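A quick note: this is a predicted structure, and the numbers were derived from the prediction, not measured. Just so we're on the same page: letters track the sequence lines, and every chain starts at 1. Just so you know, these numbers use all the heavy atoms, side chains as well, and skip hydrogens, waters and symmetry mates.
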Protein chains: 2
Amino acid sequence: MTPDRPLRADAARNRALLLAAAADEFAEKGLEASVADIARRAGVGKGTVFRHFPTKDDLIAAIVLDRVEVLGALGTHLLDAPDPGTALLEFLTAAAQQRQQQDLSFLQEAGDSLPAIVESRTRMYQTIHNLVDRARDHGAIRDDITGTDVILLMCAPNYVTGYVPDAPPDLWRRYLALIFDGLRPEGAHPLPQPPPTL
Amino acid sequence: MTPDRPLRADAARNRALLLAAAADEFAEKGLEASVADIARRAGVGKGTVFRHFPTKDDLIAAIVLDRVEVLGALGTHLLDAPDPGTALLEFLTAAAQQRQQQDLSFLQEAGDSLPAIVESRTRMYQTIHNLVDRARDHGAIRDDITGTDVILLMCAPNYVTGYVPDAPPDLWRRYLALIFDGLRPEGAHPLPQPPPTL
DNA sequence: CCATAAGCGGACCGCCCGGTCAACTTGTTA
DNA sequence: TAACAAGTTGACCGGGCGGTCCGCTTATGG
């Protein structure tokens, strides 16, 4: 599989150009950004796009894979931080920051078929579970919260600020803090539903 | 404006059929549900759709208006409830329930041009502000939370459960409870950003 | 019950999209 | 530097979309 002879120099450059242009274009126009526009933005012909990525979905998958890997690496690194509570908060902060700079959340579901993505994402999810377990053991968050809970809530701060036109760029911090307060042991009320699994 | 001669009986029936079919179709397929499919589902010709709603956006606007009105009426009613804290929670529960039954959140931005919608929505937002003020005065939620905060957080429970495949239908209640715990006075930490305005 | 206008339907239009392809250009390697 | 494979390009294709239009049907009021 993937004999992977190295790309020609110009081809490699074009591929990188394309990935960046596509990310920008998707961030600006959403899922319906057209392949033609992406090609124009990257300064290449439309045919070149399809040479590198057989379908539009493949292009999306490549972008998603990049981002998941970055986040996963950060999470792994934070597993060694001294304070488990702040480590978790830092991870959530970084995730929100990544999304604030470029909101590509609507691309997530695209890569569910590509094994490389589900694998990388699974690894990242496992890391989050570890971060959460550490924080819980340390008493930084309440007992009835699971890693899955945190995975789900992770994206909420950016989501809610999306409804504010011309929101200050750091507004998501307000809602991350608010939600994180809900995760703390103090003042916790019993939850009406069991946690889900992914 | 709108001389509004009453609709012929069959036309009124078709209009209602169309609205229901469109809501179902959008809920199933998202924004890109086609007008042709909506017409088929309602059992009418495509031309009939455009007779009632000059553009697809007008159709969307009509749906959105309906839902906003329903929610606004409920909020107004809850202003008279005895306990302000549970009144607010009940409102949030109802909003989440509406969205759980049929997620049409992606249609929201469509009606921003239609004055009737922004007016109705503004009224509903004002009601939420009143509900929140009452709850805050009563000590049910922390001092640094505004009505706008609640408006933004309102949709988060459904949003986060959207990431769970085959989620139990009441899972949103878990996250509503969790977020609501973050709004409570107990264990509140200072928030890093001022509240936004809409 | 009939005349009439309100309502209906679906073929049709132009547009834009994702994807293909064959002619052309260019990096690579011996 | 020559020869070839790798890469590029944009015209082109089929299809689906929102929206139009006009001949037909039908509810309605006198």
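- Listed nucleotides D/dG7, C/dG18, C/dG9 differ in distance to A/Leu7; the shortest reach to its side chain belongs to D/dG7.
- Rounding to whole angstrom units, CG of residue A/Leu31 and P of C/dC16 are separated by 20 Å.
- Closest non-hydrogen pair, B/Gly147 versus B/Arg136, comes out as N-NH2, 4.4 Å.
- When rounded to the nearest whole Å, the span between NZ of A/Lys29 and P of C/dG18 equals 11 Å.
- Nucleotide D/dT9 holds its C1' atom 14 Å from the CZ atom of A/Arg40, rounded to whole Å.
- Between the CZ atom of A/Arg51 and the C1' atom of C/dG18 there is a distance of 18 Å, rounded to whole Å.
- A/Asn14 places its CG atom 12 Å from the P atom of D/dG10, with the value rounded to the nearest Å.
- What separates CG of A/Asp58 from P of C/dT20 is a distance of 11 Å, to the nearest Å.
- A salt bridge does not link A/Arg121 with A/Glu69: none of the charged nitrogens is closer than 4.0 Å to a carboxylate oxygen.
- Between A/Asp10 and B/Asp37, it is A/Asp10 whose nearest contact on DNA chain D lies nearer the 5' terminus.
- Taking a cutoff of 4.0 Å between a charged side-chain nitrogen and a carboxylate oxygen, B/Glu28 and B/Arg41 qualify as a salt bridge.
- Donor-acceptor pairing under 3.5 Å, judged by distance alone, is present between the side chain of A/Lys46 and the base of C/dG19.
- In this structure, B/Arg13 atom CZ and D/dA27 atom C1' are separated by 11 Å, rounded to whole Å.
- Here the closest heavy-atom approach between residue A/Ala21 and residue A/Ile38 is recorded as CB-O, 4.0 Å.
- Ranking D/dT20, D/dG7, D/dT9 by closeness to the A/Arg8 side chain, first place goes to D/dG7.
- The residues A/Asp181 and B/Arg184 are annotated as not salt-bridged, no charged nitrogen and carboxylate oxygen being separated by less than 4.0 angstrom.
- Between the C1' atom of D/dT9 and the CD1 atom of A/Ile38 lies a distance of 17 Å, rounded to the nearest Å.
- A close approach under 4.0 Å does not occur between any side-chain nitrogen or oxygen of B/His52 and OP1 or OP2 of C/dG7.
- Nearest-nucleotide positions on DNA chain C place A/Ser34 closer to the 5' end than the other of A/Ser34 and A/Gly47.
- The residue B/Ala33 sits close only to the backbone: its heavy atoms come under 4.0 Å of sugar-phosphate atoms, none of a base.
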